[in-house]
2 protein chains.
Amino acid sequence: MRIGELAERAGTTAKTLRFYEEQGLLPPAERTPSGYRDYAPETAARIDFVHRGQAAGLTLAQIRQILDIRDGGAAPCEHVRDLLDARLAEIEQQIAQLTALRDTIAELRHDAAQPDPDSCSADQVCRYL
Amino acid sequence: MRIGELAERAGTTAKTLRFYEEQGLLPPAERTPSGYRDYAPETAARIDFVHRGQAAGLTLAQIRQILDIRDGGAAPCEHVRDLLDARLAEIEQQIAQLTALRDTIAELRHDAAQPDPDSCSADQVCRYL
DNA sequence: CTGGACCTTCCAGTGCAGGGGAAGGTCAAG
DNA sequence: CTTGACCTTCCCCTGCACTGGAAGGTCCAG
């Protein structure tokens, strides 16, 4: 299978697949005599895994770690569990930060509900911020 | 006042102030005969405003828009209000996305609580993802 | 008059996940 | 035998807000 066909099947682009190969997410592809990349159909499952990892908020580098463990012959379950734990903690923190930011902005917005341009000195640029 | 002193007063770095000038957040500074930037003390208030804008989650480009309006002689109150509204909507959406992602990951993590490496086929790399 | 702290400009890189496009090779259909 | 779709490598660009470093100029104290 050539790169364009694989890309379409996996719902991505040829460009991205070459990038994945460069990043070590896909093993160097077999080549036809003329130099075209030639993929086994199973490669699509690997790309799907990459997409599942991305859907779980993992970076390509983290997904690569998992693949490396699997390619080394081991089951990556525990590493996956640790990554999920770490990601979960990060997300909780991001949510907390965004929630705090939302409250801050909501308050500023509330104060600016009836803007009174005359009460804003040029010095402070805008008294609602 | 030279750039280093202003940077310290405003809680930032000289490098950043040159960057702000380049980005149009600060007007081109006056120069001493020898070419050093020479700032009026009021410039610190402008930098403070930039910091308040950042604390509200605005980008430098958005902060610049506000400053441009003020520099044009108008009061930017209404624009600020619109920016705050837009930012608020973005943040709500980000929070919703992160919350959904958190739930997804929490479920995956739950399934991976007692990893069973033997049930993971190499094909799917990891059945918990 | 020398050393060190400060300043200048300019170039380049960071992280993330690709995208754009040039220059050229290959393959199948008409 | 040509056309058009596909493939190859290569390098640069995106957004965001800086940060690092090189090469050189300036200022002040000792």
Side-chain angles (χ1 to χ4, degrees), chain A residues 1-26 28-39 43 46-67 83 86-87 90-91 94 97-98 101, chain B residues 1-26 28-39 43 46-67 83 86-87 90-91 94 97-98 101:
Chain A
M1 186 167 20
R2 289 188 306 183
I3 197 169
E5 188 186 345
L6 178 60
E8 194 173 359
R9 283 199 197 188
T12 183
T13 67
K15 206 102 189 178
T16 297
L17 295 186
R18 288 189 203 102
F19 174 72
Y20 283 177
E21 179 178 319
E22 190 188 314
Q23 299 300 304
L25 292 157
L26 296 177
E30 298 292 308
R31 298 293 180 129
T32 65
S34 61
Y36 284 17
R37 285 178 180 78
D38 189 19
Y39 293 96
T43 314
R46 193 173 175 106
I47 300 167
D48 282 345
F49 178 78
V50 173
H51 288 159
R52 291 203 303 281
Q54 287 190 304
L58 300 181
T59 66
L60 292 185
Q62 290 172 325
I63 295 167
R64 190 202 154 144
Q65 289 176 6
I66 300 172
L67 289 167
L83 283 175
R87 194 71 193 98
E90 280 174 27
I91 291 176
Q94 287 176 28
Q97 284 173 2
L98 281 176
L101 183 55
Chain B
M1 184 166 24
R2 289 189 306 183
I3 196 168
E5 188 185 346
L6 176 61
E8 195 173 0
R9 283 200 197 188
T12 183
T13 67
K15 207 103 190 176
T16 296
L17 295 186
R18 288 189 203 101
F19 174 72
Y20 283 176
E21 179 178 319
E22 191 188 314
Q23 299 300 304
L25 292 158
L26 296 178
E30 298 292 306
R31 301 292 181 129
T32 66
S34 60
Y36 284 16
R37 285 178 180 78
D38 190 18
Y39 294 96
T43 313
R46 194 173 175 105
I47 300 167
D48 282 345
F49 178 76
V50 173
H51 288 160
R52 292 203 303 281
Q54 287 189 304
L58 300 181
T59 66
L60 293 185
Q62 291 172 326
I63 295 168
R64 191 203 154 143
Q65 288 176 6
I66 300 172
L67 289 167
L83 283 175
R87 193 71 193 99
E90 279 173 26
I91 291 176
Q94 286 175 28
Q97 282 173 2
L98 281 176
L101 182 56

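This structure is a prediction, so every number in the text was calculated from the model and none was measured. The chains referred to below are lettered A, B, ... by the order of the sequence lines, with proteins before strands, and numbering in each begins at 1.
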- Would you please confirm or rule out a distance under 4.0 Å between OP1 or OP2 of C:dG18 and any side-chain N or O of A:Gln54?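 For C:dG18, OP1/OP2 do have a side-chain N/O of A:Gln54 under 4.0 Å.
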
Take the protein atom [atom1] of [X] and the nucleotide atom [atom2] of [N], then report the distance between them rounded to whole Å.
X	N	atom1	atom2	value
A:Arg2	C:dT26	CZ	P	13 Å
B:Glu8	C:dA5	CD	C1'	13 Å
A:Leu17	C:dG18	CG	P	10 Å
B:Ile3	C:dA5	CD1	C1'	15 Å
A:Arg64	C:dC16	CZ	C1'	16 Å
A:His51	C:dA17	NE2	C1'	11 Å
A:Met1	C:dC27	CE	P	18 Å
A:Tyr20	C:dG18	OH	P	4 Å

- Query: So what does B:Arg37 hit on the nucleic acid, given a heavy-atom distance under 4.0 Å: a base, only sugar-phosphate, or nothing?
  - Reply: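 The answer is sugar-phosphate, as B:Arg37 gets under 4.0 Å only of primed atoms, P, OP1 or OP2.
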
- Task: Classify the nucleic acid contact of A:Thr32 as base, sugar-phosphate or nothing, counting any heavy atom under 4.0 Å across all strands shown.
- Result: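 The answer is nothing, as A:Thr32 stays clear of every strand by at least 4.0 Å.
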
- Nearest-0.5 Å distance, CG of residue A:Leu17 to CD1 of residue A:Ile47: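 Answer for the CG-CD1 pair, A:Leu17 versus A:Ile47, is 4.5 Å.
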
- Query: Pick the nucleotide of DNA chain C nearest each of A:Thr12 and A:Tyr36; which residue has the one closer to the 5' end?
  - Reply: A:Thr12

Side chains of residues 2-10 of chain B: which donor-acceptor partners sit under 3.5 Å, not counting sequence neighbours?
unit_1: B:Glu5; atom_1: OE2; unit_2: B:Arg9; atom_2: NH2; d: 2.9

- Reading DNA chain D 5' to 3', which nucleotide is the first, and which the last, to come under 4.0 Å of any heavy atom in chain B? D:dA17 to D:dC27

- Query: Under 4.0 Å between a Lys/Arg side-chain N and an Asp/Glu carboxylate O for A:Glu90 and A:Arg87?
  - Reply: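 Answer for the salt bridge query: yes.
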
- Earlier contact from the 5' end, DNA chain D, for B:Leu58 and B:Pro33: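 Its nucleotide being nearer the 5' end, the pick is B:Leu58.
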
- Message: Name the residue from B:Lys15, B:Arg37, B:Arg46 that meets the salt bridge (charged side-chain N to carboxylate O under 4.0 Å, His left out) definition with B:Glu21.
- Response: B:Arg37

- Task: Return the angle between end axes of the helix from C:dC1-D:dG30 to C:dG30-D:dC1, with five pairs used per end and rounding to 10°.
- Result: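 The end-segment axes of the helix from C:dC1-D:dG30 to C:dG30-D:dC1 are tilted 30° relative to each other.
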
Enumerate all atom pairs, one protein N or O and one N or O from nucleotides 10-13 of chain C, separated by less than 3.5 Å.
none

- Side chain of A:Thr16: nearest nucleotide among C:dA17, C:dC6, C:dG19? C:dG19

- Query: Do the side chains of B:Leu67 and B:Val50 get nearer than 4.5 Å, heavy atoms only?
  - Reply: yes

Without placing hydrogens or testing angles, list every side-chain donor-acceptor pair under 3.5 Å for residues 53-65 of chain A, not counting sequence neighbours.
unit_1: A:Thr59; atom_1: OG1; unit_2: A:Ala61; atom_2: N; d: 3.4
unit_1: A:Thr59; atom_1: OG1; unit_2: A:Gln62; atom_2: N; d: 3.1
unit_1: A:Gln62; atom_1: OE1; unit_2: A:Thr59; atom_2: N; d: 3.0
unit_1: A:Arg64; atom_1: NE; unit_2: A:Asp68; atom_2: OD2; d: 3.2
unit_1: A:Arg64; atom_1: NH1; unit_2: A:Gln23; atom_2: O; d: 3.0
unit_1: A:Gln65; atom_1: OE1; unit_2: A:His79; atom_2: NE2; d: 2.7

- Side chain A:Asp38, main chain A:Arg31, donor-acceptor under 3.5 Å: no

- Item | Which residues share a side-chain hydrogen bond (donor to acceptor under 3.5 Å, both in side chains) with B:Gln97, sequence neighbours left out |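 side-chain hydrogen bond (donor to acceptor under 3.5 Å, both in side chains) list for B:Gln97, sorted by chain: empty.
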
